[in-house]
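Below you'll find the structure, written out as structure tokens, and then a few comments.
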There are 2 protein chains.
Amino acid sequence: MTDRYHHGDLRRALIDAAVEAVAEAGPSALSLRAVAKRAGVSHAAPAHHFGDKAGLLTAVAAEGFDRFADALERTWDATGDFAAVGAAYVRFAIDHKAHFEVMFRPELLHTDDPDLNRAEARSRAALHRGTGADPEAVFNVRALGAWSLAHGFAELLIAGNFPQGVADNPEAAFKAVAAATLLGE
Amino acid sequence: MTDRYHHGDLRRALIDAAVEAVAEAGPSALSLRAVAKRAGVSHAAPAHHFGDKAGLLTAVAAEGFDRFADALERTWDATGDFAAVGAAYVRFAIDHKAHFEVMFRPELLHTDDPDLNRAEARSRAALHRGTGADPEAVFNVRALGAWSLAHGFAELLIAGNFPQGVADNPEAAFKAVAAATLLGE
DNA sequence: CCAGCTGTCTTGACACTGTCAAGTTCGAAT
DNA sequence: ATTCGAACTTGACAGTGTCAAGACAGCTGG
């Protein structure tokens, strides 16, 4: 039924396939040929859309940063609470593990990709807002601290460094940690 | 002069070569054959000592955790101050970027390796001590918070997500961040 | 002194990888 | 109706990890 040529939205299908593959075995084990097979196309089809392997991962990362920004903005608008934004940070890392594992790994990406940079900037702005920092300041210690706390928590958690109790309810655990460590207003 | 067989301490030489290679291009770009060439041996020599690629990276990670524990213990003994331990955490990530990039990436390692587990436990104990947490408690929010803060700061820094001012003097920046965000005693 | 054994390293092979060049197919514009 | 260009395939190449087999060195017991 489907033509061999002109798939329709192969770009989309390849990104989805890549996300699945990354979710299963991590970014370093990703194979372009396996992604192509998963999408039912020839082994060189990905290169046509993304240039090379880093190009495909860059597209995944860009999509990740966009959804990330969405999630952060959404919970900030709904709660206006930093701890909630931090919990959303952690939740995103778990629910979109594949995206997250790629987003902060510049050696796998084309860091000058305009789409990636745009999505990155969105996330950065959302984060800045969520930490209550002055968006004009280039160097805000409160913002760096809040970002570090949420990011470190997320990284350590998805790498399996935290005890079972944390993994069972990560958002609550993060809120407890934030309350116990962060300075008040 | 050098025999082709019985190198002397090939295991050591291979680990060093691997560390150099990782430092240059990251763990995912590591090639066993390139490591072998760097050490001046045949392409299959690494497999004999480490089994496979993950085995070599596991050895690197274990060495990393040992040096990491050393550094943390040293600064805790010298200062007794958490912020100093956190700064040492960050300093280690910078000075031993290659080791650090491998240590927290379980999908690249043999996570059941006894040597790795021993070194990991050493680091964990040193960290626990450095955060002033009860070593018996399995779930200490203060310890998790301090660990997350230092780890997140280190990860974001070496991934290039922080402004230039932070990279210029990372230890001072971390201490400032810790002072501005962490609750007091 | 020397036979055999064990661990160290090499050689050769295999299937798989990313990337490139060339070819094929199809939709659309002219 | 023809040309044109984008989408995708096919085929090739060098490089990869891993495995089996072989070559070598040094020790161990006679």
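All figures in this text were calculated on a predicted structure; none of them were measured in a lab. Chain letters run A, B, ... following the sequence lines, proteins first, then strands; residues in each count from 1.
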Open item on the list: Rounded to whole Å, please give me the gap between NE2 in B:His49 and C1' in C:dC9.
Closed with: 8 Å

TODO: For D:dG15, take OP1 and OP2 only and decide whether either is under 4.0 Å from a side-chain N or O of B:Ser31.
DONE: no

- [ ] Among the candidates D:dA12, C:dT11, D:dT18, find the nucleotide nearest to the side-chain atoms of B:Lys53.
- [x] D:dT18

Open item on the list: Measuring from atom NE2 of A:His151 to atom OG of B:Ser148, what distance do you get when rounded to the nearest 0.5 angstrom?
Closed with: 11.0 Å

TODO: Would you mind telling me which of C:dT19, C:dA13, D:dT9 lies closest to the side-chain atoms of A:Arg33?
DONE: C:dT19

- [ ] Nearest whole angstrom, please: distance from the C1' of C:dC9 to the CG of B:Leu32.
- [x] 15 Å

TODO: Would you kindly give the CG-to-P distance between A:Leu30 and C:dG18, to the nearest whole Å?
DONE: 7 Å

Task: Euclidean distance, A:Leu30 CG relative to A:Glu101 CD, rounded to 0.5 Å - done: 11.5 Å

- [ ] Return the value, rounded to whole Å, for the distance between atom CZ of A:Phe50 and atom P of C:dC20.
- [x] 16 Å

Task: d(CG, B:Asp52; P, D:dA20) in whole Å - done: 14 Å

Task: 5' precedence on DNA chain C between A:Ala47 and B:Leu10 (nearest-nucleotide basis) - done: B:Leu10

TODO: Measure from the side chain of B:His48, starting at C-beta and using heavy atoms only, and say which of D:dC19, D:dC8, C:dT8 lies closest.
DONE: C:dT8

- [ ] Starting at atom NZ of A:Lys37, determine the distance to atom P of C:dG18, rounded to an integer number of angstrom.
- [x] 12 Å

Open item on the list: From NE2 of B:His43 over to C1' of C:dC16, roughly how many Å is that when rounded to an integer?
Closed with: 15 Å

Open item on the list: Return whichever of B:Ala44 or A:Ala34 has its heavy-atom-nearest nucleotide of DNA chain C closer to the 5' end.
Closed with: B:Ala44

Open item on the list: Side chains of A:Phe68 and A:Arg122, heavy atoms from C-beta outward: is any pair under 4.5 Å?
Closed with: no

